[in-house]
J.: 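Okay, here's the structure, questions in a sec.
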Amino acid sequence: MTDDAAAREIRPREARARIAITGEPPAPPFHHPHHRCRGYVPLWMALVLAGVVAVALTLWTIRSMSSETADGRETVVFWSGPQLGEDIYAVIHQFEELQQNRDPQTGRPRYKVIMGTATSPDVTGDAQRLLCAVAGEVPPDVVWFDRFAIGEWAGRDALENLLPYIKAQRPDDPNRLNLDEFYNWAIQETSYRRPGSNDEAGIYGIPLDVDMRVLYCNGDLLRQEGLVDAKTKEPVAPKTWEELRAYAQALTRYQRPDDKLSGIRRLGFAPNFGNSWLYMYAWQAGGELMNADRTKVTLDSPEVGRALKFMAKVYDDLGGFARVDAFQQSFQAGELDPFLRGSVAMKIDGIWAMEQIADWKRNMDFILVGAPIPADRLAAGARPITWGGGYSLVVPKTARNKEGAWTLIQYLTSKPVMTQLELGRREQKEAQGRLYLPKSVSNRVVFESLVDKYITGNPKIPPRFQQAYAVIKEMMPQTLYRPVTPVGQLLWNQHVKGYEDGVRHVFREASGGDEDREMHLALANAQQPVQRMLDELLAPLPAETTVKWSPWFGAYALLAAIPFALMYVGYKRHRRGATTYSAREVGAGLLFASPWMIGFLVFVGGPIFFSILFAFTRYNVLAPAHWVGLDNFRQVLEDKLFYKSLGNTAFMILRIPLTMAASLAIAMLLNRAIRGMSFYRTACYMPAIVPVVASSLLWVWILNPSQGVLNQLLNWIFETRPLEWIQSAVGHRFSPPLWLQDEHWSKPSLILMSLWGAGGGIIIWLAGLQSIPQQLYEAASIDGAGPWRRFRNVTLPMLSPYILFNFIIGVIGTMQIFNEAFVMTQGGPADSTLFYAYHLFRQAFQYFRMGYASALAWVLFLIVLALTVLQLWLSKKWVHYDRT
Amino acid sequence: MTVLERPGELPNAERRLPNGKPSNRQSEIGNRKSRAPQRSRFATYFTRGGWVHALLLMSVWLFLFPFFWMLATSVKTDEELADQSMLPSLVAYRAVSPYVRPVPAPAKPSDVTTARWNEVLPQLTDIASTAIAKYRQSQPPVQSVGPFDAAEHSRAAASSLVNAVVARIDRRLWTGPDDALFGAFRDLITEPAMSDAMSDALARVQLFTFQIRTLDLHIFNLTEGVDFATMWRVESGPGKLFRDGDTTLLSYQFDSSSSPPVVLRYDFRFPAGVQPKELHKLIVSVGADNSWHTVNATLDVAGERWASVRPNYLAQYRQMSLLFQPPTFDDELMRAKLWTTIAKTGPSPAVATANDLPPGDGIPATLRITLAPSSVLGANWAKVIRNYDRAFRSVPFWRYFFNSIILVVLCTGGSMFSASFVAYAFARVRWPGRSVAFMILLATMMLPGQVTMIPGFMIWRAVHWYNTLNPLWVPTYFGWAFFIFLMTQHMRTIPKELEEAARIDGLNAVQSWYYVILPNVTPTLAAIAILAFMGSWNEFMGPLIYLRDQTKFPLSLGLYGLGLLRQTNGADYSWSVVMAGNILMTMPVIAVFFLFQRYFVQGMTMTGMKG
């Protein structure tokens, strides 16, 4: 049956006759069933097709939900990290093929390891995906995990305690894990017990590697300043804080000699360049950031205050933190690393930085020693300290295949495999013609044997590296580590905040010039949220506050029934009144509206209802929720980041008028130039359709301070004659901004990027411009209005509804800005691109604070609502509606 | 109409001309033989409407420039990125190697005045040249099968030496007496510095090591450094192996790009006890000479021949490891595939005879490395596709692409269906509460997505659809407020009579929706389809939250991962690869937009702003 025939059957002859009688011509723009194009699928066929697709999708869904492989092997999902190197794949393959991992009867492999990677440099930096996977009840079985975050996750009962597995090992197990061979502190860092309790600590991860922080000195620069041993003429590294401070001043060079305000040209030493942080200095001064049983945060203590004061003093000696920081902003990595290039003379950094020296400047005369400590403590017999961290393998509590996970962990942390992975790295390095330096693995026996074999006494290894490894080998066992606590991440963030406030002298005025008091204020301010969160965790809410969800589901069902009841009432009442609904029509209306109604009740109404409830609870998804009343909202008001992120977001509203003006200007030009219209329109529109991930990456590259095209252009412009002249007249050399790396330029950079996408608005503007009656312009011209007045008094008022619409949509969109910040800046630098939605996302998916995040979401909604109402109200004054 | 007929415009035109913008019409006008001065003709055009085009062209240039930059970056080598060149350079045909590598002119240290620099540079260059010339005497000459310009090499090495040494001089010396400066300069010219400078100025193919890796992770070094010169041989072609310090140098001279290739042959034994099927990879570490000639490998072992399936290129001046790998478990993984597959091509001609081989009882094998000349065109094409190829092979691109296509098809279908279906209820059917429902619908457009994000996640978790693609497309079948709104606005414009007639014909509501209304709203449907397509193609946060396995990632998340690879693995994934990935991801959207632009514009203008 052809389509025409089908049409004829559906539409009897009389109907056509009736149309002929009423004289209704088939309106040209409207398709009449008669004029249906060929190939229009009949309804029944469309329905059958839809049914087939639905069945196929269901089958496909069921398949993608199962975790079995086709050949019946158990899967072990392993999220590894890039630092494990290329050989990890071969090691995993070997694991699958091992004799002991085969079925005794059939001899077929038991396990299939599925390798996945995080969508972030490391899983901890992107806890969100792991949390989602754990909360979604299909977590990976083994995760390569920053040890520092173990306390955080173990404290929320999200990780499996591996101690029972370790104890249950058979003595003849070929991959038997012997904890005595590991650096003890690394094991301690994976051990967690509830703060203040005396239970046996569980072990929540098996360490893979270790690191530590040491002082690096550039021997040549020390020589140039005469900082050498009187007899041997060899450069001498500082041993005490006091010496370090003197060295820092002696080695620093300014743009104009001895003028600290002119900017730094070579940095002698900056307390926090490299990787040291306040932790390092606090320990050096004999302080701790938490007490022994980890129930109290001791950030605000005299020792830590002394450490912070020392850091601030060194910065002040060099012209203040801001100047040192500005100098650091220009640093690059790899071959251009400032320490390698001699723009930094000394730094405290991790031992991993040695690899950079080996790769790029293996003959460098560098000295690696333990970092200095205060002279009085040295005199009292204290030894230089260092602190470390590293990665480990953990098993999520809800992993599906814990047995397989443990077998894999045992294998990967066994001595032969650890050695094998290192040898693979060695081959790679040597094949590239580079120096191989053993990575400090957590197994002390393996590490020391690698060092003995490949470093000590090896003539190919420059003596400086051999000396460095001797220092590392000696200091590594005494390495300190950050407290294992459920508030580790927050403690870290706040300790950074305390440090920044201290060295920037934020509390100088409040303290009245007393430096000790100033540091105390900075630290106390930073300490308070950590202590509060810890107290919250340590004092569990009473059981009666536990939220029982089932009554609320009932309540929501009742609530959802109300509109339908009202509809029924309306239907009945209207039957008695003048206007009537036919039952057929109401039925059809409900049928057609049903997808939206269901969708609204399930995906909008329900989530709204429950997210209101969440806002009054404390809920981390992994444990039951508790009612806390208005506590979350109170915290919102006290949250400094809330204001910061709101301010950042508000700043971005600037982009709306800018993009509107740009796209309106182009649309007005287009409106004049009819020739080539579609070419111009397409070209201007193209940036708007580039996927946001692609455009973000593109702009990160364009805005790259050293290699990006924008700064290349700016540099070129600054060197042209007129600008050279201006610069010499002003007496100041212009330099292009650091864009995304600079906290003042990061938001303008994002605005610049949105301006590039401004062409997206021109289609709507064109429609608006073309709907303005030409007579209005003619009348205005006759009245003597010039182009500007025609624009001001005709175009703008006639476009005002469009402006309002775009503005409202733009404000709503800007309040939710997220992707750009996530891809381009991760909220940095200095939280300058931490937008509201990103702050909320972090609270929900990084700190597990669903209740608090829901409260933030509702505050956001209220703000958006208020802004919209305000705009609508203001719009009465300026928006012109054509009432004709 | 000529200009002279409208004299009133002339002064105006002349006033504007000095800052006249370039126009595409200018040359056309210039070619015409005209009595009137050509300036004023152009000026007239410019004042009448040309300036609009000029401004538009300028903004088009601004809008398109990032695309050009993205394209240009995607075909650059890492060196070109570091050199900050605007455009990628063309590769020239390279007939002879080794050859003198161009070195940059000595750069002035920042704290030296230009006058002082110009004053001392010739003398510094002299000192360096003398030192190099003297050093050269003590060194064996550069060996080559073709001509080699030793004088040019010395000059380039001297320039490189000056560059390296001036960066190390104490800044105070520059303002001091010449003697002290030159003395310090001389002292810093050490043997390693000269050796580095000579090496920097020479482009050559070097052979470092040849290794075999087995599947059980053992590594065997079969040839190292100077041993290549003795253990490997040139089987055919215009090339020769020379000893070069502690490595081996391969010199060649191709008469043209159709010259026979240089074939290096190595007869060896597999390490004792290793079977060919245990072979994981062959690793040849070489230094490249930026000639973009192709390198292929064949391996004859156990009566079979294996050959590489795609060529490698001697790109850039850097050390690299050529990895040749038979099919293994690696091929099934979602990892970056950095090796060249070697595949069985058939039986091998006789393997080396016993007297070619070192004694031992491993299985005998023959490895041939073939260096074939690339034509100018071939080399440039190889350079263009190189980064795209790297992008394809660093991530499972086609898997991501396939996932994206599934999502796009399902989402676009869902949005089109639900928008048109639901809009019918709002536009064409009367039912109690309709206007209230419509207000609610409009209000949901204002609701920030963050409000429903967390409970939404729990819903999908409850039905165990976490880590499936379903949460990303199922909601589209329930309608999205903005699309419903667009569609409702359009449906309201369709005359009632059309549908009444159908009703009388006995069509029920679903039929009249399908047969009468749908054909009349195709422009809006097209607009919705395009918006839904772009929305789902670009979707980033959904996959980030709902997907665990890499096998399920769509392109947006997958390519974000490519950007991250750059952060963690640094040099191996330069910006060029990221930009190539970006282009691959952007192209489908642009293609769709070009193809359906007409409908899109029509749909947007028709419905966009009637609210």
Side-chain angles (χ1 to χ4, degrees), chain A residues 11 15 24 30-31 33 43 64 82 90 93 116 119 121 132-133 136 138 420 427 431-433 567 570-571 586 588-589 592-593 595-596 599 603-604 607 610-611 666 669 672-673 680 683-684 687 689-694 697-698 701 709 712 763-764 767 802 816 819 837 840 850 857 860-861, chain B residues 52-53 55-56 59-60 63 69-70 84 209 217 219 285 319 321 329 418 422 424-425 429 431-433 444 448 450-452 454-456 461 466-468 475 478-479 497 505 509 514-515 519-520 538 540 545 548 550 556 560-561 563 567-568 575 578 582 585-586 589 593 601 604-605 608-609:
Chain A
R11 295 185 52 83
E24 182 77 54
F30 296 105
H31 291 271
L43 185 56
S64 67
H93 177 70
T119 50
C132 286
V138 266
Q420 227 167 25
E427 289 309 321
Q432 290 166 358
M567 272 168 71
Y571 171 64
V586 174
F592 277 97
W596 175 71
F603 299 120
V604 182
F610 283 98
S611 99
I666 294 167
L669 288 175
R672 297 180 72 114
Y680 292 131
C684 296
I689 58 174
V690 175
V692 84
V693 174
L697 287 172
L698 170 62
W701 171 228
V709 68
Q712 284 185 38
I763 289 181
I764 289 177
Y802 293 78
Q816 301 181 40
N819 285 347
L840 192 159
M850 297 297 171
L860 173 64
F861 178 71
Chain B
V52 175
H53 287 280
L55 277 179
L56 278 170
S59 48
V60 163
F63 278 120
W69 179 242
M70 181 157 69
Q84 313 202 340
T209 41
L217 282 165
I219 301 154
S285 302
Q319 303 185 357
S321 294
F329 67 93
S418 59
V422 173
Y424 187 78
V429 189
W431 43 281
T444 55
Q450 283 75 21
V451 171
T452 55
I454 297 160
R461 178 180 79 148
Y466 172 78
N467 198 27
T468 68
F478 296 97
E497 291 77 11
D505 292 351
Y514 188 74
Y515 287 113
N520 283 311
N538 300 352
F540 179 69
I545 292 179
R548 182 193 73 179
Q550 220 182 337
S556 55
Y560 173 65
Q567 282 176 19
T568 49
W575 274 110
V578 177
N582 255 356
M585 181 176 177
T586 311
V589 208
F593 182 73
V601 172
M604 285 303 282
T605 26
M609 274 313 306

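Lettering follows sequence order; numbering is per chain, from 1.
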J.: So which part of A:Gln420 gets closer than 4.5 Å to some heavy atom of chain B, the side chain, the backbone, both or neither?
T.: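 For A:Gln420, the contact with chain B is made by the side chain alone.
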
J.: Grab the two heavy atoms, one from B:Ala425 and one from A:Ala593, that are nearest each other, plus how far apart they are.
T.: CB-N, 3.5 Å

J.: Checking the side chain of A:Arg672 only, and the main-chain atoms of B:Val52 only, is there a donor and an acceptor separated by less than 3.5 Å?
T.: no

J.: Quick one: closest heavy-atom pair of A:Leu698 and B:Asn582, and the distance?
T.: N-ND2, 3.6 Å

J.: Determine the option with the most heavy-atom pairs under 4.5 angstrom with chain B, choosing from A:Val586, A:Leu697, A:Val692.
T.: A:Leu697

J.: Is B:Ser418 close to chain A through its backbone or its side chain, or both, or neither, when contacts mean heavy atoms under 4.5 Å?
T.: neither

J.: Can you classify the ring geometry of A:Trp701 versus B:Trp69 as parallel (below 30°), tilted (30 to 60°) or perpendicular (above 60°)?
T.: parallel

J.: Locate the shortest heavy-atom distance separating A:Ala694 from B:Thr586; write the atom from each residue and the value.
T.: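 Shortest heavy-atom separation between A:Ala694 and B:Thr586 comes out as CB-OG1, 3.7 Å.
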
J.: Of all the heavy-atom pairs spanning B:Phe329 and A:Ala90, show the shortest one and how long it is.
T.: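 Closest approach of B:Phe329 to A:Ala90, heavy atoms only: CZ-CA, 3.7 Å.
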
J.: Taking all heavy atoms of A:Val690 and all of B:Asn538, pick out the closest pair and write down the distance.
T.: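 Closest approach of A:Val690 to B:Asn538, heavy atoms only: O-ND2, 4.4 Å.
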
J.: Please check: side-chain N/O of B:Tyr515 versus main-chain N/O of A:Leu43, any donor-acceptor pairing under 3.5 Å?
T.: yes

J.: Do you know which of B:Pro455, B:Gly433, B:Pro432, B:Pro475 has the most heavy-atom pairs with chain A at a distance under 4.5 angstrom?
T.: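 With the most close heavy-atom pairs to chain A, the winner is B:Pro432.
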
J.: Between CZ of A:Phe861 and OG1 of B:Thr452, what distance do you get to the nearest 0.5 Å?
T.: 11.0 Å

J.: Against chain B, work out which of A:Val709, A:Leu860, A:Ile666, A:Val693 has the most heavy-atom pairs shorter than 4.5 Å and name it.
T.: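 Most pairs with chain B among the choices: A:Val709.
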
J.: Does any heavy atom of chain A fall under 4.5 Å from the side chain of B:Ile219, the backbone, both, or neither of them?
T.: side chain

J.: Mind telling me whether A:Tyr680 and B:His53 have parallel, tilted or perpendicular rings, with 30° and 60° as the class edges?
T.: tilted

